[in-house]
Structure formats: C-alpha cells, structure tokens
2 protein chains.
Amino acid sequence: MTSVAGARSGKPRYLQIADDIEEQIKGGRLAPAEEVPSETVLMERYGVSSGTVRKAIAELRAAGLVETFQGKGSFVKSRPPVTRKSSDRFRRSHRRAGKAAYIAETEQAGVKPTVQVLSIGPVAAPREIAERLGTADGDKVLARRRLYFSDGVPTEEATSYLPWSVARDIPELFEENPGGGGIYARLEEHGHEFAEYVETVRARLATKQEASALGLSPGSAIIHLTRNAVTTSGKVVEVCDTIMAADQFVLDYRIPALD
Amino acid sequence: MTSVAGARSGKPRYLQIADDIEEQIKGGRLAPAEEVPSETVLMERYGVSSGTVRKAIAELRAAGLVETFQGKGSFVKSRPPVTRKSSDRFRRSHRRAGKAAYIAETEQAGVKPTVQVLSIGPVAAPREIAERLGTADGDKVLARRRLYFSDGVPTEEATSYLPWSVARDIPELFEENPGGGGIYARLEEHGHEFAEYVETVRARLATKQEASALGLSPGSAIIHLTRNAVTTSGKVVEVCDTIMAADQFVLDYRIPALD
DNA sequence: TAGTGGTCTAGACCACCGT
DNA sequence: CGGTGGTCTAGACCACTAC
C-alpha cells in the first residue's frame with residue numbers, strides 16, 4: 001500500500017543508493033576487492049525493499065564498479081592494468097626474437113601473458129570469414145581458438161582461420177604451440193611473405209557467452225577486432241577474429257599521410 | 001505465495017520472453033519502428049507479472065533491439081546504416097576535392113552528413129591533450145567542438161585542439177566553416193605538411209552526458225578515438241578527441257608489414 | 001481521462017556458497 | 001545449515017503521452 005517512494009527528491013531512490021555506494025567506492029571507504037554490504041544489510045540501512053536494492057546494485061554493475069557472485073556477494077572491482085595494443089606488434093624482428101605478437105605486446109605492458117588453446121581443427125568457414133579469405137561460404141578451413149590471459153585474468157578470445165590449402169602443408173599449425181614467433185613465423189617460413197595486415201575494429205556490448213568466456217559482467221563493453229593477414233601476392237592467408245574486454249585494451253594505429 | 005516460476009526449463013522466464021520477442025524482431029514479424037506490445041498485453045500473453053515483462057524488455061533494450069519511451073511504449077529500433085571509418089579518409093586528394101574527412105567517409109556510406117558547431121574558442125588544455133600536443137598542462141589552445149549527424153541522427157561528438165601558436169595565424173580556424181577540405185587543408189596551406197596520423201582507440205560504456213549528447217540509451221557502448229596529426233617536422237599540430245556511438249561505426253586500419 | 005512505462009513494496013521460492 | 005544473490009508475484013502510486 002505504501003507507495004511513498006518515487007520522487008522524494010526528483011531522483012529515483014535506487015539511483016540515490018547507487019550514487020551513495022559509488023561515492024563510498026571512489027572515496028576509498030570501500031576498497032577494491034572488498035565486499036559490498038549484502039542486500040539484506042542495504043535494505044535495512046536505506047529502509048527500502050529488496051527490489052530497490054537490487055536495482056541499485058545492477059546500476060553499479062552496469063557502470064563496471066562492482067561484480068556480483070551468486071551465493072557469495074558483491075565485490076568492488078579492482079581496476080586491472082591496461083594492455084596497449086600498438087600497431088607495430090607484427091614486426092618481423094619480434095618474430096625472429098621468437099616472440100608472437102601477443103607476447104611482444106603484453107610483456108611491454110609489464111603483464112605476465114599466458115595462452116590456453118581451446119581447439120584446433122577443421123571447421124566450415126562462417127560467411128564473413130569466407131568472404132575475407134576469398135573462399136566459398138562453408139569451405140573447410142583450419143580454426144585455432146585460444147584464450148589469452150594477462151596475469152591470470154582472461155582478457156581476449158581469438159580465433160584464427162586459415163584456408164585449408166595453406167594450412168595442410170604446415171604441420172606446426174596443428175600443434176598447440178606452433179613454435180617461436182607464432183603462426184606468422186611458420187607461414188613466412190613456408191613462402192607466405194606478408195605485405196600488410198588489415199584490421200577492422202568494432203565495439204559493442206558483450207553477449208552472455210562472451211561475457212562468461214572473458215569473466216565479465218553481462219553488459220560490459222567489448223572490442224571486436226578482425227584482422228586479415230595479406231601476403232605480397234595479395235592473398236589473405238589468415239583471418240583472426242578477436243573479442244577483447246574493452247576496459248583492458250587500448251589500440252594504437254599509425255596512418256601515413258597520403259595523397 | 002505462488003513462487004511457481006523460476007527454472008521451468010532451466011532458463012529464467014524473462015529471458016525466454018526476451019528471446020521470443022527477439023525472434024519476432026529478427027524474423028520480421030515485428031518490423032523496425034513498429035511498436036512492441038504493451039507491458040499489459042505481454043503480461044497476459046505470457047501469463048507473468050509486470051516485473052517479469054519489464055526485465056524482458058530491459059534485456060532487449062540492453063541488446064540494442066528496442067528503445068522505450070515513457071508514456072508511449074517500446075519500439076523496435078531501426079538499424080541505422082553503419083558508417084565505415086576507413087583509414088584512407090585523410091588523403092590529400094579528398095581535401096583537394098574540397099571534402100573534409102567526415103564528408104568523404106559518410107558520403108561513401110550513402111548517408112547524408114551534417115555538422116553542428118558547438119563551440120570554437122580558446123581553452124586551457126586538459127592534461128592528456130597537453131601531453132599529446134607537447135605543451136604544458138593548462139596552456140592556451142584552440143578548441144573546436146562539433147557534433148556530427150548521419151541522416152539527422154547524432155553519431156559523433158568531436159573536439160579538435162590546436163596549439164595557440166599554430167591557430168592564431170589561421171583566421172579560418174575560428175570560423176564555423178573553415179572552408180573546403182576542412183581544417184587540415186587550411187593547416188597544410190600554412191606550411192604544416194602532414195606526415196602521419198596516430199589514432200588511439202578505446203571502447204567503454206557511455207557516461208550519462210555522452211549518452212544524452214548522442215541520443216543513446218544509457219549503458220550503450222561508445223568508441224573513444226583520439227588522433228594526433230603529426231607534421232613532417234615531427235610536430236603535433238592538432239589533437240582530435242572523438243566520442244562515437246559504437247553501433248554506428250566500423251573502423252578500418254591498414255598496417256604495413258615491417259621488419 | 002485512459003493508457004503507457006517507471007518506481008516501489010513485501011513478501012515468496014530457488015540456486016548457490018560456505019561452514 | 002544459514003546466508004547470499006536470482007527470480008517472480010500481485011499489487012500500488014507516479015509521470016508522461018495522447019486523445
């Protein structure tokens with residue numbers, strides 16, 4: 001019956017509560033990784049019902065300030081270090097030094113990189129991938145799916161697609177560890193000399209699957225990067241499709257001035 | 001008392017409802033700009049209470065499929081055309097043809113571009129901008145803030161910063177319309193020959209201000225792009241800071257293979 | 001004034017986590 | 001087991017829109 005609620009001061013109660021907790025976080029009174037008071041406690045403290053508290057927490061989650069775990073509670077997010085993806089990470093000199101692109105760039109950021117291979121094997125090429133590879137929709141391609149971690153935190157899920165005609169001759173591409181310098185080094189050893197890489201960047205909200213794969217709260221932003229590796233003969237020998245947690249990456253690109 | 005609910009088939013009811021409506025949209029049974037049935041109707045149709053219907057609609061809103069207006073209803077979003085930002089948009093030939101970068105790229109996408117100048121004038125350089133320009137924090141710089149529209153829909157808010165020492169000699173930079181080819185054409189006319197542009201891409205959720213400036217629902221993803229314009233003498237003569245609606249842009253970059 | 005979405009209540013049961 | 005968050009109900013009142 002109450003009703004009461006609503007716009008005592010213009011602003012919805014759940015936003016007032018969210019703002020209050022946000023200030024406590026930003027003011028340091030709630031430290032990173034610390035547990036936010038439970039819903040029961042907050043209901044009593046603010047004199048509201050469960051639904052209102054839950055909307056407030058949902059607001060904080062959407063803002064990326066807390067994450068919640070069923071049965072455990074809500075916790076202040078610790079802001080993880082940013083990994084900078086700079087556009088010189090594909091230099092041959094890195095590969096000659098035995099470093100794949102991911103290792104080269106994250107080491108630079110002072111983060112310990114690890115990789116987990118999720119699957120390697122033939123698949124039917126999805127439409128967009130086939131278009132980029134210049135093959136037909138559904139053609140057999142080699143897919144290498146892997147998950148990258150920075151200091152143990154999953155940050156990036158990447159799938160490389162290679163035309164079967166290219167991949168079948170290079171046995172290392174079917175190994176979990178393709179050897180020093182990564183798959184690009186192996187491709188160059190087999191006569192595929194790279195001329196350029198073309199990257200396409202999109203950003204959007206994470207789907208449920210992506211969020212859980214990267215350990216994100218639903219509603220987080222992700223960067224979707226697709227890269228074509230183009231050889232001097234103009235052939236696309238690899239397409240890499242990557243989903244990254246947006247808050248952990250900054251992408252740098254240099255564009256030469258042209259006429 | 002009921003309770004009932006919960007996991008009849010593993011999946012929460014509100015997600016089932018959201019999925020059902022999503023299929024109706026993707027299957028074309030709910031056309032773009034069409035009104036989604038009202039909450040009252042949906043409550044009856046699915047036999048659930050208001051809260052459940054509201055969560056389902058919230059899910060669709062988060063996925064960017066519908067937008068809702070208080071007192072009017074929820075409507076299927078018409079998917080606006082994607083503007084592709086390709087990395088050759090700074091070619092001099094575009095400028096010689098009298099086209100600024102934004103015009104060149106959106107025309108290509110078949111969209112009618114318009115620009116609204118929000119402000120032009122001296123400001124104290126924010127820290128990150130000063131760093132990029134190579135001046136001191138708080139130095140006087142010329143700021144040009146403008147809002148870009150595609151087919152009348154706000155899509156991008158950009159602020160250009162130029163060192164005062166560069167800007168003061170070029171009167172056109174203080175005009176709303178800097179003339180054919182945009183400010184880059186004027187800078188080149190005054191002896192600043194560009195060597196390269198360095199772009200930094202970030203993605204995150206929109207703040208409240210950004211969301212309202214771009215007409216987005218809060219919680220939408222945005223792309224934050226910052227560009228340095230570097231001359232052949234190595235000087236940064238402009239820094240452009242841009243906030244874009246993530247669902248309206250795809251960024252393309254070409255990275256030459258280097259040793 | 002009738003209909004819409006926006007907020008809120010005071011409960012309920014479920015699923016998960018720790019002890 | 002008790003505590004946590006996750007889902008849901010069946011209402012209520014408020015604010016806005018359209019007629």
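Chain identifiers are assigned alphabetically (A, B, ...) following the order of the sequence lines, protein sequences preceding nucleic acid strands; residue numbering begins at 1 within each chain. The structure displayed is predicted, hence computed values, not measured ones. FYI, side chains are in, hydrogens and waters are out, and symmetry mates aren't considered; it's all heavy atoms of this structure.
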Listed nucleotide nearest any side-chain atom of [X], set [options]:
| X | options | answer |
| --- | --- | --- |
| B/Thr40 | C/dT4, C/dC8, D/dC8 | C/dT4 |
| B/Glu39 | C/dG6, D/dT7, C/dC8 | C/dG6 |
| A/Pro12 | C/dA10, C/dT7, D/dG5 | C/dT7 |

Does a side-chain N-to-carboxylate-O contact under 4.0 Å join B/Glu210 and B/Arg204?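 Salt bridge: yes.
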
So that I can tick it off, tell me whether A/Lys55 and A/Glu39 are bridged by a salt bridge, with the cut-off set at under 4.0 angstrom between side-chain N and carboxylate O.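 Between A/Lys55 and A/Glu39 there is no salt bridge, as every charged N stays at least 4.0 Å from the carboxylate O atoms.
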
Nearest-angstrom distance from the residue atom [atom1] of [X] to [atom2] of [N]:
| X | N | atom1 | atom2 | result |
| --- | --- | --- | --- | --- |
| B/Ile57 | C/dT7 | CD1 | C1' | 16 Å |
| A/Glu67 | D/dT4 | CD | P | 19 Å |
| B/Arg54 | D/dA12 | CZ | P | 17 Å |
| A/Tyr46 | C/dT7 | OH | P | 18 Å |
| B/Met43 | D/dA10 | CE | P | 9 Å |
| B/Lys55 | D/dT9 | NZ | P | 12 Å |
| B/Ile17 | D/dC8 | CD1 | C1' | 11 Å |
| A/Leu15 | D/dC14 | CG | P | 19 Å |

Hey, are B/Thr200 and B/Arg227 close enough side-chain-wise for a donor-acceptor pair under 3.5 Å?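 No, B/Thr200 and B/Arg227 have no side-chain donor paired with an acceptor closer than 3.5 Å.
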
Is the closest side-chain donor-acceptor distance between B/Gln116 and B/Tyr148 under 3.5 Å?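 Per modelled atom types, B/Gln116 and B/Tyr148 side chains form no pair under 3.5 Å.
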
Could you tell me how the ring of A/Phe75 sits relative to the ring of A/Phe69: parallel (under 30°), tilted (30 to 60°) or perpendicular (over 60°)?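 Rings of A/Phe75 and A/Phe69: tilted, 30 to 60°.
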
Does B/Lys11 offer a backbone N or O that forms a donor-acceptor pair with the side chain of B/Gln16 under 3.5 Å?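 A pair under 3.5 Å: yes.
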
Short side-chain N/O contact to [N] OP1/OP2 from [X], under 4.0 Å:
| X | N | result |
| --- | --- | --- |
| B/Ser38 | C/dT4 | yes |
| A/Arg13 | C/dT7 | no |
| B/Tyr14 | D/dT7 | yes |
| B/Ser74 | C/dT4 | no |

Contact list (N/O, under 3.5 angstrom) for nucleotides 16-19 of chain C vs protein:
{"unit_1": "C/dC16", "atom_1": "O4'", "unit_2": "A/Gln70", "atom_2": "OE1", "d": "3.2"}

Regarding C/dG11, can its base be found pairing with the side chain of A/Ser50 as donor and acceptor, where the two atoms are less than 3.5 Å apart?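 Result: at least one qualifying N/O pair found.
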
State the CG-CD1 distance between A/Leu162 and A/Ile129, to the nearest 0.5 angstrom.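 That separation rounds to 11.0 Å.
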
